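In listed order, ligands and their atoms are each counted from 1. If you're wondering where the values come from, they're calculated on a predicted model, not measured in any experiment.
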Amino acid sequence: MADDKEVIEALANEKRLFEPSLEFVKKANTASSALYEEAARDHEGFWARQARELVSWFTPWDRILDWNLPFAKWFVGGRLNISYNCLDRHVESGHGDRVAIHWEGEPGDKRTITYFELLDQVKRFANVLRDLGVSEGDRVNIYLPMIPEAAVAMLACTRIGAAHSVVFGGFSSQALADRINDASAKVLVTADGGWRRGEVFPLKSQADEALENTPSIEKVVVVRRGGNDVSMKPGRDHWYHELMEEASSDCPPTPLDSEHLMFLLYTSGTTGKPKGIMHTTGGYLTHVTYTFKYVFDIKPETDVFWCSADVGWVTGHSYIVYGPLANGATQVMYEGVPNYPGNDRFWEIIERYKVTIFYTAPTAIRTFMKWGSEEPAKHDLTSLRMIGSVGEPINPEAWMWYREHIGGNQCPIIDTWWQTETGGVMISPLPGVTATKPGSATFPIPGVAAELVDDAGKRVERGGGYLTLTKPWPGMLRGIWGDQKRYQETYWSRFAGRYFAGDGAKLDDDGYLWLLGRVDDVMNVSGHRISTTEVESALVSHPNVAESAVVGANDATTGQAIVAFVTLRGGSNVSEKDLRDHVAKEIGPIAKPKTIYFTPDLPKTRSGKIMRRLLRDVAEGRNLGDTTTLADASVVDELRKKATAAPNED
Ligand code: WT7
């Protein structure tokens with residue numbers, strides 16, 4: 001990778017630099033390089049201080065870290081309870097009346113839940129779970145819409161030492177059954193349905209289908225949300241509200257070992273079988289509490305935080321449930337889509353609750369660009385003081401649009417790189433310290449050690465390489481449920497002694513890190529390595545382009561050819577030739593797409609990731625494989641029709 005100097009130099013032309021404002025710096029939770037220096041001096045001691053200061057322990061640990069590569073144990077011998085840290089301690093310190101969650105349903109119904117109320121519900125539900133036969137060490141499956149009960153169920157598990165396995169409500173019954181069976185979950189918590197795009201989507205009927213093939217499930221708890229008809233199997237199925245009414249609210253938190261299994265979260269790898277990523281108690285909580293304090297700069301007394309992810313993804317686990325609650329923060333939780341009833345729903349919510357910190361995904365930002373800056377302009381967004389991004393590389397153009405139209409040109413942007421596997425943020429600016437460049441996630445945060453390496457595993461100090469992590473960190477995955485061999489092979493075998501993240505990245509002349517996407521998204525055209533992300537950024541930097549996805553399609557002459565799928569901004573037009581020239585101008589002629597397909601939408605997973613595998617299939621004229629994880633399957637049919645028409649290369 002390091003040899004591709006030409007390309008990398010062409011890509012490293014982003015010169016804009018944004019220093020945090022003096023006003024922001026003055027109030028920032030950290031505004032100097034002290035944390036970086038402390039962590040560099042004493043990695044373990046640094047994390048131990050965070051664990052001591054930010055987390056409450058019933059029993060202190062004996063050893064900070066047992067590291068037997070690739071197996072880590074953090075805060076060994078310590079005992080704690082996560083729900084105690086997220087709830088009881090705030091109530092005990094007099095903040096029971098503080099709002100934990102401002103919840104808003106898609107139809108517009110609202111609920112305000114204080115820390116005291118949330119604790120009460122969690123204690124009751126913990127007793128409900130116990131009464132249903134759940135004990136310490138069992139797994140509980142959660143399949144819910146974005147309602148507060150999702151947080152209640154998760155926290156209740158942590159209170160009694162059951163591990164939760166949350167499955168995103170958009171997954172099919174088959175996906176749910178696979179995950180329940182892999183985890184051997186004993187209880188399933190679901191709902192009748194939830195609201196999405198103005199309609200109720202059924203969950204219980206999906207669950208019922210899954211339950212035909214999930215022998216481990218003994219009991220099912222059903223939250224009433226959609227109001228849709230459901231069938232309840234006597235003896236097995238119970239209504240949440242009925243159980244909660246009878247449940248006692250006396251439930252002391254169970255002191256759990258620091259390495260006690262806290263949750264499983266399934267994520268896809270390169271094979272068809274999803275991996276149950278394992279996270280444990282003390283290290284995970286330390287990592288998310290620390291990052292939420294310093295990366296998100298939370299001031300629990302005054303901030304209103306909003307993360308627009310779903311609790312079914314790791315972002316929702318770490319920065320809706322555990323990070324914010326452990327810090328005693330107030331947050332907004334929203335059930336539905338961003339375009340119901342209008343394209344300004346998010347901005348309306350920010351205005352209504354005076355949100356101060358907003359965290360979303362680049363794919364959402366590009367969608368907002370597509371809808372036009374007049375949508376956010378309808379609302380007063382001046383409450384915002386910081387905005388963040390996660391999930392994929394953010395194109396400089398999208399970054400600039402976000403800065404201007406959402407952040408009012410004054411909010412720092414945190415572009416946070418991390419993974420389901422890392423538990424919490426790993427690479428990101430510290431908003432009161434780091435000068436940001438549009439599109440760069442900047443530097444590893446204090447306590448995280450990252451390096452780029454080339455194919456041979458040799459360290460790369462400048463230019464492109466594979467992203468690796470070189471020191472254990474508290475929030476790291478502890479393995480893959482039931483398959484520690486796969487854990488070792490997937491993450492620790494490609495480069496000796498290093499965690500291989502699967503992402504490509506480059507280091508610019510100032511040492512800034514630029515994430516380039518998964519390494520399987522890196523194309524090779526005539527022996528030149530070009531990132532799909534870089535071409536996408538070039539395309540999106542054209543004023544008429546809203547969104548683009550780029551794939552490398554097999555090509556007899558050049559190895560791979562660049563194929564671009566492009567969505568134009570509403571009402572605008574541009575020729576293929578102009579776009580190709582534009583890319584040539586931005587990156588170089590080598591990066592010019594061979595073919596460009598114009599499409600009103602891109603195929604995305606329900607979590608918003610563009611499905612490049614499908615696009616490669618389309619580009620190479622192959623039959624399409626499994627499309628069941630697509631949010632909207634019709635998008636692909638449309639694209640296929642276009643691709644079978646004559647290609648239009650100039
Ligand atoms: C993959 C992990 C972390 C929560 C959401 C995704 C990509 C994530 C960034 C970023 C560039 C990013 C990486 C990573 N990714 N954040 N800021 N810049 N790429 O979690 O589903 O486990 O996906 O998302 O490719 O490996 P995930």
| Which atom names give the shortest non-hydrogen contact between Ile445 and Ser428, and what distance separates them? | CG2-O, 3.8 Å
| query | Just by distance, do the side chain of Tyr334 and the backbone of Trp306 share a donor-acceptor pair under 3.5 Å? | reply | no
| Quick one: CZ on Phe24 to SG on Cys411, what's the gap to the nearest 0.5 Å? | 8.5 Å
One pair per line, please: each N/O atom of ligand 1 matched with every protein N/O atom under 3.5 Å away, atom names first, then the distance to 0.1 Å.
from, atom 1, to, atom 2, distance (Å)
ligand 1, 15 (N), Gly391, O, 3.2
ligand 1, 16 (N), Gly391, N, 3.0
ligand 1, 17 (N), Asp415, OD1, 2.7
ligand 1, 17 (N), Thr416, O, 2.8
ligand 1, 18 (N), Glu392, O, 3.3
ligand 1, 19 (N), Pro393, N, 3.4
ligand 1, 22 (O), Thr420, N, 2.8
ligand 1, 22 (O), Thr420, OG1, 2.6
ligand 1, 24 (O), Gly391, O, 3.2
ligand 1, 25 (O), Asp503, OD1, 2.5
ligand 1, 25 (O), Asp503, OD2, 3.4
ligand 1, 26 (O), Gln419, NE2, 2.8
ligand 1, 26 (O), Asp503, OD2, 2.5
ligand 1, 26 (O), Arg518, NH1, 2.7

| request: May I ask you to decide whether Glu536 forms a salt bridge with Arg366, counting only side-chain N to carboxylate O separations under 4.0 Å? | output: no
| said: If the threshold is 4.0 Å, N to carboxylate O, is there a salt bridge linking Lys370 and Asp601? | reply: yes
| Under the side chain to side chain contact (heavy atoms under 4.5 Å, CB included) criterion, do Tyr284 and Trp74 qualify, and how do the steps go? | CA-CA 9 Å; Tyr284 173 83; Trp74 281 90; over 6 Å; no
